[in-house]
Every structure is written in C-alpha cells, then in structure tokens.
There are 2 protein chains.
Amino acid sequence: MTNNRQSIKKATISDVAKLAKTGKTSVSRYLNGEFGILSATLKERIEQAIKELNYRPNQMARSLKKGQTKLIALILADITNPYSVEVMKGLEAACQDNGYTLLVCNINKEKAKEKYFLQLLMDYNVDGVIIHALRTQDSILRDLPFPVVLVDRRMSDLGYDIVGLDNIQATTLASNYLIDSGFEAIIFITESLTGVGTRQERVNTFKKIVKQQKGIVGEVVEIEDMNQQTELLDQHIVSFCQKCRGMRKAIVTVNGSVTLHVSLALKRLNIIWGKDIGLLSFDDPVWASVAGVGITTLRQPTYKIGYSSFEMLHRRMQGDHSEAKEYLYPGELIIRDSTN
Amino acid sequence: MTNNRQSIKKATISDVAKLAKTGKTSVSRYLNGEFGILSATLKERIEQAIKELNYRPNQMARSLKKGQTKLIALILADITNPYSVEVMKGLEAACQDNGYTLLVCNINKEKAKEKYFLQLLMDYNVDGVIIHALRTQDSILRDLPFPVVLVDRRMSDLGYDIVGLDNIQATTLASNYLIDSGFEAIIFITESLTGVGTRQERVNTFKKIVKQQKGIVGEVVEIEDMNQQTELLDQHIVSFCQKCRGMRKAIVTVNGSVTLHVSLALKRLNIIWGKDIGLLSFDDPVWASVAGVGITTLRQPTYKIGYSSFEMLHRRMQGDHSEAKEYLYPGELIIRDSTN
DNA sequence: CTGTTAGCGCTTTCAT
DNA sequence: ATGAAAGCGCTAACAG
C-alpha cells in the first residue's frame with residue numbers, strides 16, 4: 001500500500017453551492033449558523049450537499065478573510081518541566097471548550113528562540129498568546145499585534161495580565177509549617193534569581209518570615225546552573241549541616257527541578273531526608289511520594305492556572321482594554337514523610 | 001497601561017510594493033528568493049521598503065495560495081507522559097531545522113478527541129501528521145489528505161511509516177540481563193494490551209525468552225486500569241512473592257507510568273526494591289535514580305525517534321510514494337541498584 | 001430570504 | 001526584467 005493520500009482533494013464552498021443549487025453566500029450562512037435567515041428547504045439541500053461531499057470549510061481561507069485564526073499559542077521555557085505541562089493541560093481544555101486550537105512553542109531555554117517564535121506567531125496571525133517564563137527584555141515584546149497573558153512571571157511594566165501562584169501565601173504556608181513542625185534551621189535552595197520574579201518573591205517571603213521568628217536560622221542559596229555546579233550544591237548542603245549541627249534542619253527547594261537535584265545531592269552525601277534532614281518542595285512532582293520516604297510539597301493549582309489564563313486572554317481577544325490584572329491562586333501543602 | 005495592541009495593523013505586500021514603487025509580483029519574487037530575476041536596484045528598493053515597514057508576509061494568505069501550510073502536527077495520547085515529551089523535543093528540533101511549525105494535539109486519553117483533532121488538522125490543511133499512540137480504528141484514518149507517520153505504535157495495514165523502539169532487541173536485552181544477574185522468577189507487569197502493539201511485542205518477547213531458559217519462572221500480569229485497580233496490583237505482587245518464595249525475584253514494568261504505580265505498590269507492601277526484589281523499567285524516568293536505591297531502566301532513544309519521525313514524514317511530504325517502512329532503534333540498559 | 005460581487009494577502013501565469 | 005490580472009476558499013456588504 002502506498003502512502004499517497006495527498007492526491008485526494010477536498011471540496012470547496014463552491015462545490016457545495018453548486019450541488020445544492022444555490023450561491024456560496026447561503027452556504028456560508030449555513031456554516032456560520034445563521035439559520036434564521038435560511039428557508040427550511042435550502043437548509044436541507046445544503047446540509048445534504050455538505051454530507052455528500054464530505055465538506056469541511058478551509059480554516060486558512062476563513063482566517064484570511066475574517067482576520068482571526070482561532071489559534072492561540074503557548075510559549076514556554078521548557079517543555080520538560082512538568083509544571084508547564086500541567087498548566088498546558090488546563091489551557092488546552094479551555095481552548096477546546098471555546099473552539100480554539102493551541103499552538104505550543106517550546107523555547108527550550110534557548111534565548112534566540114523567544115524572538116523566533118514571537119515572529120512566527122505574528123506571521124501566522126494567532127489571536128492571542130500565553131507566555132510562560134520568557135526572559136527576554138527585547139523590545140519586540142512591546143508592540144505585539146495580539147493580546148498577551150503571562151503565566152507565573154511578572155514582566156516589567158509591559159501591561160500584560162498575569163496569572164499564577166500566590167507566592168506570598170504559598171511561601172508563608174510552607175515556612176510556617178516547617179517552623180511549627182519544630183525545624184530550627186532552614187536552607188532555601190534556588191536556581192538563578194536574576195529576572196525571575198517568582199523565585200525572588202519566594203525567597204523574599206521566606207527571608208521575611210524567618211527574620212520574624214527568634215531562634216530560627218534561615219539561609220538562602222542561589223545556584224546559577226544546577227546541572228553544572230553539582231559540587232557547589234553539595235558543599236552548600238554540607239556546610240549548612242555542619243554549621244547547624246544539633247539543630248533540626250530542613251531544606252526548601254524553589255521548584256521541582258531543584259528538588260530533583262537536591263535529592264540527588266542528598267543521596268550522594270548519604271543524608272536521608274525525613275530522618276537526617278527535612279525536605280519541602282515547591283511543585284508536586286509525580287514521583288514525590290516514591291522518592292525515599294516521600295517528599296512534602298507545596299502543590300500549585302496548575303490546571304486552574306492554565307484554564308484561567310485562557311479566560312483572561314479570551315476577554316482581551318474580545319476587546320477588553322481595561323487595566324492589566326493579576327490573578328493569583330493559593331497553593332496547597334501536601335504533607336509526606338520528609339518533614340516528620 | 002492598556003492591553004490594546006490589537007489595533008496595530010500590519011503592512012501588506014501591496015504596501016511594500018507601493019513604497020518600493022513597483023508591483024506586488026516583484027516583491028513576491030523577492031520574498032521567495034528569486035533574486036536572479038530582479039535588478040540590483042529593485043532588489044535594493046524592496047529590501048529598504050520591507051525594513052521600513054517592518055513587513056512580514058502573512059502565512060495564512062501564503063498557505064491559502066500555495067496549498068501548503070508549513071505546519072505539521074503531533075497527535076499524542078497523553079502529554080503527561082515524559083516519553084512523549086522527549087519524542088516531541090526531537091521532533092521540534094527537526095521542524096525548526098526545516099522551517100516547519102509544530103502543532104501539538106493532546107488526546108488526553110479521551111477517545112473522542114482523536115477524531116476531533118484529525119478533522120481539525122484537515123481543516124487547517126496541515127502538511128503532515130505524526131501520531132503517537134492513537135487507538136481508534138475509525139475509518140477516518142483511511143483516507144487522510146496528508147501523509148502520516150506513526151510513532152511507537154503499529155496500526156493494522158494502514159500503510160503508514162513507523163518509527164520507534166526495537167522492542168525485540170530491547171526486551172531481549174532486559175530479560176537476558178536479569179537472567180544473567182541470577183534472577184529466577186520474573187513477573188512482567190503491563191497495562192492494557194488490547195490494541196497496543198508495542199506492549200504486546202514486549203510481552204511476547206519476554207515470554208519467549210523465559211520459556212527458552214530452564215528453571216526460570218516467567219509470569220505476565222495485565223492490569224487494565226492502573227489508577228483504579230491498585231489492590232489488584234498489590235494482590236498480584238503479593239501472590240507472586242508467595243509463589244516464588246526462596247527464589248531471586250524481579251519485576252519488569254512495561255513503561256514509566258507502570259513503574260510509578262508499581263513503586264507505589266511496593267512501598268505500600270513494604271517490599272524494598274534492590275533488596276527484597278529486583279525492578280527493571282522500560283523507559284527512563286528522570287526520577288529513576290532518586291527512587292529508593294535507584295531503578296534500573298531500559299532507556300529509549302527518544303530524541304532520535306522524534307527527529308527521524310520528522311524525516312520520514314518530510315520525505316512523504318515531498319512526494320515519496322514508496323512502500324511504508326519501519327525504523328526501529330535499539331534501547332540502552334541503564335543499570336542502577338534495583339537489580340543488584 | 002437569496003444571490004452577486006468585491007475583496008482578505010499572497011503567488012503565478014502571461015504578457016510586455 | 002517587470003507588472004497586470006486572475007484566483008486560492010471564504011465572508012460580508014449590498015441588492016434584489
């Protein structure tokens with residue numbers, strides 16, 4: 001069997017009109033659900049013709065004419081990140097509920113691709129874009145021909161809507177939980193803070209809370225590149241443990257990716273979470289319960305974040321020009337044995 | 001700041017022509033790189049005008065005219081599956097290397113969406129489609145207006161190209177490794193086998209190898225829905241352990257998702273992999289080394305699978321009508337402490 | 001209620 | 001070498 005299905009060519013609106021013995025206009029009206037303006041018999045004939053020809057309207061032509069494509073795009077930093085994928089699921093559902101198709105653009109952490117995709121999306125005339133974790137400060141972001149909603153990242157005064165986790169609430173919840181559980185020395189481990197508002201907010205809130213408590217040692221470690229600097233990570237952990245010998249110690253990781261790196265480090269160092277040290281992770285990776293005794297996490301309402309980011313975008317696409325808003329959702333603490 | 005960037009409207013080819021004091025034809029020629037046919041001065045003027053207007057050709061219009069969209073789609077069963085995401089990365093790279101844009105369609109395991117997406121893709125006139133894990137037997141699959149490449153799933157006589165893991169090689173490698181390591185009783189745990197050729201091949205190869213070896217107990221367990229039937233899973237594991245008391249036992253899991261469920265089960269049952277029982281997983285989840293003592297895995301060349309699925313598709317899109325082919329790549333054993 | 005007509009932005013004969 | 005004009009498939013005035 002050969003693979004030459006390209007040969008089959010599709011019926012057009014004219015074909016339908018001809019078969020139904022009418023004009024393209026009426027067919028178009030039928031397609032757009034303007035039934036009140038079509039006689040029953042004509043409607044019948046058109047219906048028939050469409051079925052017979054197996055006709056489906058060409059979206060490209062439609063888009064060209066109407067100036068809207070029913071396409072929206074999600075730009076994300078790293079498709080490997082489960083958080084992004086979960087957000088994407090919510091977004092996808094919202095798109096389908098509203099007749100939109102989602103274009104997924106994976107920056108793959110390559111700076112150059114940010115611009116590449118933005119241009120591409122302009123070329124394809126997408127109706128709107130949702131951006132997760134873009135870091136460029138390029139001027140291209142200033143005058144985009146479509147509305148934009150930002151997920152999980154605040155970007156300086158661009159006037160875009162934002163949806164994400166309520167980092168203050170979440171960090172407060174996590175920090176207080178650890179303190180209430182009797183941990184006396186807490187180290188907060190994060191990836192690069194530069195340009196990533198979310199991480200900064202978590203760090204700052206953590207610092208603030210720790211400072212308010214007497215007798216609690218709070219420390220923040222920022223490691224630029226977790227993949228490269230594994231010994232640095234190990235060193236920080238070791239020196240933290242030495243410095244705080246005798247105290248109940250815990251680690252907080254800023255996101256799921258860092259959690260993986262820290263778990264690996266702890267294994268290397270032969271430190272057992274839940275016994276030798278506490279461990280609490282932002283994000284709730286699927287493997288959190290299977291890693292050692294299980295890892296306590298701060299789960300984000302990712303699906304909801306994805307879904308409502310579409311809703312915000314939708315409002316903009318319909319012409320809402322009001323002030324940019326922020327929608328922040330609370331996180332949820334999932335307690336496992338790493339913080340016993 | 002208001003979010004009304006929609007107002008900015010883009011320059012068209014006519015605008016460029018006007019500014020460059022020429023016709024649309026020449027601009028079009030310029031855009032399509034037909035320089036041999038343009039005088040140096042005209043080329044110069046057009047270049048200038050394009051820059052000045054910040055002009056970018058409208059892909060929708062272009063697609064409508066040319067009949068090709070430079071869009072290809074990936075349909076996948078479950079975006080949550082890391083395997084799919086890894087394949088996607090390879091595919092994405094290939095697309096970008098060749099000037100195509102990737103549309104990602106997530107079936108989300110909802111049967112109805114298979115058809116929905118296929119129709120959608122017809123409507124948008126995509127140039128080709130890569131399908132991972134479709135299970136429908138719907139006739140719609142028969143005459144699609146674009147070429148199709150299947151990833152990891154064989155579908156009955158549809159005449160589509162296939163790319164994926166060499167399941168026979170991989171299963172042989174894994175099984176022999178376990179046997180050579182001294183395991184005497186091996187249970188192969190899989191999700192639903194119906195309609196999923198990949199899993200069937202793994203199971204069958206496993207059975208065959210075990211049968212060839214004297215004194216090795218081999219067993220296969222199929223569980224339809226891992227999410228629902230957790231006690232069933234537990235029971236199977238328990239009875240396997242009882243039946244094979246005194247022998248060196250191991251579990252093989254058919255994919256990463258099953259591995260997670262089995263790990264959870266083992267934790268529930270207080271059976272420790274690497275000590276009480278061996279564990280080997282198809283796929284290589286990121287968390288494999290952090291789960292208990294680490295899990296031995298059979299890693300697939302996912303990136304390469306993704307990349308070459310594009311290459312096959314590309315060939316078809318260029319009009320290659322030769323017989324459908326299969327490209328199977330070998331797997332690699334990653335040994336960790338679960339099979340000590 | 002229905003059909004004719006003029007484009008959407010681009011490519012492609014076909015003349016010049 | 002260059003451009004005028006037709007038309008991809010569809011929608012939206014505008015007439016009837």
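Naming convention: chains lettered A, B, ... in sequence-line order (proteins, then strands); numbering from 1 in each chain.
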(request) Give a yes-or-no answer on whether the side chains of B:Y116 and B:E110 include a donor-acceptor pair shorter than 3.5 Å. (result) no
(request) State whether A:N32 places a side-chain N or O below 4.0 Å from either non-bridging phosphate oxygen (OP1 or OP2) of D:dT11. (result) yes
(request) Ignoring backbone atoms, establish whether A:S28 has a side-chain N or O less than 4.0 Å from OP1 or OP2 of D:dT11. (result) yes
(request) Could you tell me the separation between the CE atom of A:M60 and the P atom of C:dT11, rounded to a whole number of Å? (result) 14 Å
(message) Nearest whole Å is fine: how far is D:dT11 P from A:I37 CD1?
(response) 15 Å
(request) Tell me, please, whether B:F35 has B:K43 positioned over its six-membered ring: NZ or CZ under 6.0 Å from the ring centre and within 45 degrees of its axis? (result) yes
(request) Answer with yes or no whether the side chains of B:Y307 and B:D97 bring together a donor and an acceptor at under 3.5 Å. (result) yes
(request) Rounded off to whole Å, could you give me the CD1-to-C1' distance for the A:I13 and C:dT4 pair? (result) 14 Å
Show each protein N/O and nucleotides 3-5 of chain D N/O combination with a separation under 3.5 Å, one pair to a line.
{"from": "D:dG3", "atom 1": "OP2", "to": "B:T22", "atom 2": "OG1", "distance (Å)": "2.1"}
{"from": "D:dG3", "atom 1": "OP2", "to": "B:G23", "atom 2": "N", "distance (Å)": "3.4"}
{"from": "D:dG3", "atom 1": "OP2", "to": "B:S26", "atom 2": "OG", "distance (Å)": "3.1"}
{"from": "D:dG3", "atom 1": "N7", "to": "B:R29", "atom 2": "NH1", "distance (Å)": "3.3"}
{"from": "D:dG3", "atom 1": "O6", "to": "B:R29", "atom 2": "NH2", "distance (Å)": "2.3"}
{"from": "D:dA4", "atom 1": "N7", "to": "B:T25", "atom 2": "OG1", "distance (Å)": "3.3"}
{"from": "D:dA4", "atom 1": "N6", "to": "B:T25", "atom 2": "OG1", "distance (Å)": "2.6"}

(message) Without decimals, in angstroms, what is the distance between B:L38 CG and D:dA1 C1'?
(response) 8 Å
(message) From NZ of B:K65 over to C1' of C:dT11, roughly how many Å is that when rounded to an integer?
(response) 5 Å
(request) List the steps and the verdict of side-chain hydrogen bond (donor to acceptor under 3.5 Å, both in side chains) for B:S308 and B:Y329. (result) CA-CA 10 Å; B:S308 62; B:Y329 295 101; 3.1 Å; yes
(message) Taking the cut-offs as 6.0 angstrom to the six-membered ring centre and 45 degrees off its axis, would you call B:K70 and B:Y100 a cation-pi pair?
(response) yes
(request) Go through the side-chain N and O atoms of B:S322 and B:K325 and say whether any donor and acceptor fall under 3.5 Å apart. (result) yes
(message) Side chain of B:N58 only, heavy atoms from C-beta on: which candidate in C:dT11, C:dC10, D:dC10 is closest?
(response) C:dC10
(message) Could you tell me how far apart B:M122 (CE) and D:dG9 (P) are, to the nearest whole angstrom?
(response) 14 Å
(request) Could you tell me, to 10°, how much the axis swings from one end of the helix from C:dC1-D:dG16 to C:dT16-D:dA1 to the other, five pairs per end? (result) 40°
(message) Can you tell me if A:Y55 touches the phosphate of D:dC10, counting only side-chain N or O atoms and a distance under 4.0 Å to OP1 or OP2?
(response) yes
(request) Quickly work out the B:K66 NZ to C:dT13 P distance and round it to whole Å. (result) 12 Å
(message) Less than 3.5 Å apart, any donor N or O on the side chain of B:N108 or A:K89 sitting next to an acceptor on the other?
(response) yes
(message) Is a donor from one side chain sitting under 3.5 angstrom from an acceptor on the other, for A:D127 and A:T69?
(response) yes
(request) Calculate the interatomic distance between A:R62 atom CZ and C:dC8 atom P; express it in whole Å. (result) 19 Å
(request) Indicate whether the side chain of B:Y303 and that of B:E86 have a donor and an acceptor atom separated by less than 3.5 Å. (result) no
